[in-house]
Structure formats: structure tokens, C-alpha cells
Engineer: 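Handing you a structure now.
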Amino acid sequence: MKILVVLVICLIQISVAYQYHGYRVYEAVAKNTAQAQALSDLEMSELFDFWSPVRLNKPTDIMSSPEQIQQLLDVFNRNSIQHKIKIDDVQQLIDAQKNNMDNEIVKQSPSLRYNLTWDNYYRYDDIREFAYALGASYPELVTVSVAGKSYEDRDLILIKISSGGSGTKNAIFVDGGIHACEWISPATVTYIIRELVENYAAHPQYVDDVDWFFMPLVNPDGYEFAHTDNRLWRKNRRILDETNTTCIGTDINRNFDYHFDEGGSSDNSCAPTYNGGQPFTEPESRALRDAILAEANRTKSYLTVHSYGQHWLTPWGWTTELPADYDAMYALASDAVAALTAVYGTVYDIGSSANLLYANSGPSDDWAKGVAGIPYTYTIELRDQGPVYGFLLPPDQIIPSGIETWEAFKVIAEAVALME
Ligand code: 0X9
Ligand code: ZN
């Protein structure tokens, strides 16, 4: 029997500073189809936040408010579903990381050129400053431009890293921060940008042989909101209806125009996976689309960086059928993941999104392959596997995540450099 997996992920629909006191995350494992069905029914009921999808024999992370914990335990017990507490108090974890951040920021002596470091999660302004500081310090390598404006009028920063070649080299396009709560994504993407630029002399081939385009924070409005109001926010912040401001925002990763709204995508504006009603309703997805299209003819790989789960995903999300060139995509992914794993033993699994995760439609990677025609498009779900933190990955994992992900990116760059 096929298990219908919807998904959910980060977000609670509240617009004032949202607290998660007493919220608990349980890890449950469905060992048979009846248990998987019971969990899927629970997910459909929308009473709980599913941080990860229901899959047979795989852990599913479920967050419960304090009032509903007993109800959740009743479902586990009634169906003999194996479970354990993963995060005892979500707010405590958020606060612990926040205190840690404040301390660190005070401790840091800011570098001459920018504030960003990789032992903390930083705000939009710091990421933007980092981009322009690199552009100013390394004008021969870095060009910063504005790919568009977010709904709340923030600049959507696009960074080109190139050592010349008049736009003829093969290119790689990377983005981060499509989902607001996945803070490890822009942190890791900026780590890689820094590595390419500031350590250029140590490995010039990774810039000399390919051109790179980075949009490190596609969803700055959501990201800022996740810092100021709701740590688990997922979508952007577009107000869809002035008369109903309780349901705000669109999932940018459901808003792309390729098999739009063909499953795993919601028409309900209150849902965390609201698709916007039509393709490309969101300024952020339009800016990303246009930036990708501008270089699509020479872009061989599109890497869209998310979290969490440690998955290296190929299209498609809308069908379990595999792309015609799946074997080649899988082979390159295997090499990249092997290099990543060799650093610290971090395990990633590889597969198509619909097969490995769940059905979903309108994500950027499906569009990048299906419409923009970029052959090696991957969604990378960074640390962790959810055994501990999920979206609340502690900042002391940013550098390890950067180091291991960089190894994978090197493999992609080496392959892209040689492609026809
Ligand atoms: O659901 C998503 O948008 C991505 N997972 S996340 O937990 N970061 O939200 C997965 C998208 C995978 N891509 C395709 N389905 N093509
Ligand atoms: Zn994501």
C-alpha cells in the first residue's frame, strides 16, 4: 500500500512573538502500514506540527503544544507506535540558542570588512553587508547585484563569483533561505561563498574553471520574522488579504510553474505549504526564476539548500517517475555525498524527492530542471537527521556543516567544469 504523505514543516500561523513554552517534539516510528496510516491521519487533522514526513520505518518528528501532549501519547499508545521525546521544551532550546547568539555577538570583535562569522546565525543586514564587503574587497572575483525586491522591500542579493571568461564558462547556481526557519541554509551558503572568495588562492580552480551565482537568502522577510517573532516560520510574509491577516505568506517552494499544484501543495492560505494560488505570485520566486533564467544556457547545476534531514534530492516532487537522466544525476550526487561523508561521517541519503520524502509540487528544483533545462538540479537538505535538533540546529554546527558541504560542492564544480 502506498502511504500518502503530506508534509508539513516549520510554521505556526501567529503574527506576534510566538512562544513555544512546554511544546515538545516526539520522534515516532511507524513500523507497519496501519501505524503509518494512524500518523498520516494525525497529520491531516492539523492538530500537530509534523516537522518531518511520515515514512515507514523512518522517524517522524511531531511537535505538540503542552495541552495536546496527552492526546498525542494516546494515539501512540492506541496504535503501539514506538516513540520517544526528542525535544523536551522547544522554547528552552530556542532561548538557549538566542542567549548563546547574544553572548557570541558581544564577544566577537567584528572583522574589518563585515560582521558575519560562522559560529552564529546572523540577520539579513549582516548577510547583505557581507556580500557587498566581499564585492568591495575582491572586485576582480565578486560582483553583487540586486535580483529583485522582497514583498517587504528588502533587496534580494545576487552574488556572482567569476575570475573572467566573458560569460562563457559553465556555471553553477546556488540558493539558500527559501524557507525562513532553515537557518543553517544561508549560514552554510555564505560559508561556501567565503571559502571560494577568501581562500581563492588555496584552490583557484574552483573559481577559474566555473562561474558561480549565489542567492544566499531568497526569503529575507520570512527569515527576519523567524528571528523576531516566530522561530519556526517557513513561508514569505506577503499579506494575501488585508481583511484576513491571520493567514499570511506563501511557500516559495510551491510557487514555481512546473506541474504547479499537483500534490503536496496547499490551496489554503493558512497552510504552511500554501502555493500562492497561481505560479509566480511571489516577488521572491519571480526574482529567483529570472536570475536562474538569465544564465540558464550555461548553468549545469542548480543547488537549492534547505534543511533538515541530510538528504541529497533529485527531482521530481510531483511524480515518483524518475527523470530520464536520473542515473547520471545519481552518480554525481553519490560522488558529492561520498566527499561530504568522508569529512565527519555525516550520512546523507540520495534519491528523488517524491520517492525519498513525499509528493510535492511547484518547488524550485523541479522548475529549474523541467523548464530552465538545468541538468544537475538538487535540493540539499542539510543537517541534522532530526535525531536531535531539526530546524533548531545549534550554531556550533555551522562550521562543520560548511566544511563538509564545501567538499560536496567541490565535487560538483569539478564535474561541471568538464561538462559539454
Ligand atoms: O518540502 C520542501 O519544500 C523541501 N523540504 S523542506 O523540509 N526543506 O521544506 C523539499 C523539496 C524537494 N524538492 C522537490 N520535491 N522537487
Ligand atoms: Zn526547506
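Numbers here are sequence positions counted from 1. Order of appearance sets the numbers: ligands from 1, and atoms from 1 within every ligand. The basis for the numbers below is simple: all heavy atoms, side chains too, and nothing from hydrogens, waters or symmetry mates.
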Engineer: Under 4.0 Å from any heavy atom of Glu381, which atoms of ligand 1 are there?
Structural biologist: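 Those of ligand 1 that fall under 4.0 Å from Glu381 are 4 (C), 5 (N), 6 (S), 7 (O), 8 (N), 10 (C).
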
Engineer: May I ask you to check whether over 12 heavy atoms, not counting those of Glu46, lie within 6.0 Å of atom CD?
Structural biologist: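 12 or below, so no.
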
Engineer: Passes ring pair (Phe, Tyr, Trp, His ring centres under 6.0 Å), Phe391 versus Tyr308? Steps please.
Structural biologist: CA-CA 6 Å; Phe391 301 113; Tyr308 63 96; 4.9 Å; yes

Engineer: Please could you name the atoms of ligand 1 that Glu182 approaches to less than 4.0 Å, counting only its heavy atoms?
Structural biologist: 6 (S), 7 (O), 8 (N), 9 (O)

Engineer: Between His311, His306, Arg254, flag the one that comes closest to atom 3 (O) of ligand 1 by a heavy atom.
Structural biologist: Arg254

Engineer: Using a 4.0 Å cutoff against the non-hydrogen atoms of Thr379, which atoms of ligand 1 qualify?
Structural biologist: 12 (C), 13 (N)

Engineer: If you measure every N or O of Asp365 against every N or O of ligand 1, does any of those distances drop under 3.5 Å?
Structural biologist: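 It does: an N or O of Asp365 is found under 3.5 Å from an N or O of ligand 1.
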
Engineer: Before moving on, can you tell me the angle at the Zn ion (ligand 2) between the ND1 atom of His179 and the OE1 atom of Glu182, to the nearest 10 degrees?
Structural biologist: 110°

Engineer: With a 3.5 Å cut-off and no angle check, do the side chains of His203 and Glu195 form a donor-acceptor pair?
Structural biologist: yes

Engineer: Any N/O of Arg234 closer than 3.5 Å to an N/O of ligand 1?
Structural biologist: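 By distance alone, the answer is yes.
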
Engineer: Looking at Ser353, which atoms of ligand 1 are within less than 4.0 Å of one of its heavy atoms?
Structural biologist: 12 (C), 13 (N), 14 (C), 15 (N), 16 (N)

Engineer: Classify the contact between Ala354 and ligand 1 as side chain, backbone, both or neither, using a heavy-atom distance cut-off of under 4.0 Å.
Structural biologist: neither

Engineer: Hey, are Tyr330 and Ser352 close enough side-chain-wise for a donor-acceptor pair under 3.5 Å?
Structural biologist: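 Side-chain D/A pair, Ser352 to Tyr330: absent.
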
Engineer: Mind checking the OG-NE2 spacing from Ser52 to His311? Nearest 0.5 Å is all I need.
Structural biologist: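 Answer rounded to 0.5 Å: 8.0 Å.
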
Engineer: Will you find, in the side chains of Tyr20 and Asn230, an N or O donor that is under 3.5 Å from an N or O acceptor?
Structural biologist: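 Side chains of Tyr20 and Asn230: pair found under 3.5 Å.
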
Engineer: Is the distance from the Zn ion (ligand 2) to the nearest N/O/S atom of Glu381 under 2.8 Å?
Structural biologist: no

Engineer: If we ignore angles and hydrogens, is there a donor and acceptor under 3.5 Å between the side chains of Thr243 and Asp241?
Structural biologist: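 Result is yes, a qualifying pair exists.
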
Engineer: Closest by any non-hydrogen atom to atom 1 (O) of ligand 1: pick that one out of Phe391, Trp367, Tyr358.
Structural biologist: Tyr358

Engineer: Calculate, to the nearest 0.5 Å, the distance between atoms CE and CG belonging to Met215 and Leu288 respectively.
Structural biologist: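 The CE atom of Met215 sits 5.0 Å away from the CG atom of Leu288.
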
Engineer: Rounded to the nearest 0.5 Å, how far does CG of Leu39 lie from CZ of Arg55?
Structural biologist: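 One gets 12.5 Å once the value is rounded to the nearest 0.5 Å.
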
Engineer: Between Asn253 and ligand 1, is there a nitrogen or oxygen pair with a distance under 3.5 Å?
Structural biologist: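 Yes, since at least one N or O of Asn253 sits under 3.5 Å from an N or O of ligand 1.
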
Engineer: If I apply the N/O under 3.5 Å rule, does Asn360 come out as touching ligand 1?
Structural biologist: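 Among all N and O atoms of Asn360, at least one is under 3.5 Å from an N or O of ligand 1.
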
Engineer: Heavy-atom contacts with Ser307 under 4.0 Å: which atoms of ligand 1 show up? List them by number with element.
Structural biologist: 7 (O), 8 (N)

Engineer: Can you see whether Asn255 engages Thr281 through a side-chain donor-acceptor pair at a distance of less than 3.5 angstrom?
Structural biologist: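 Per modelled atom types, Asn255 and Thr281 side chains form a pair under 3.5 Å.
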
Engineer: Of all N/O/S atoms in His306, which lies nearest to the Zn ion (ligand 2)?
Structural biologist: ND1

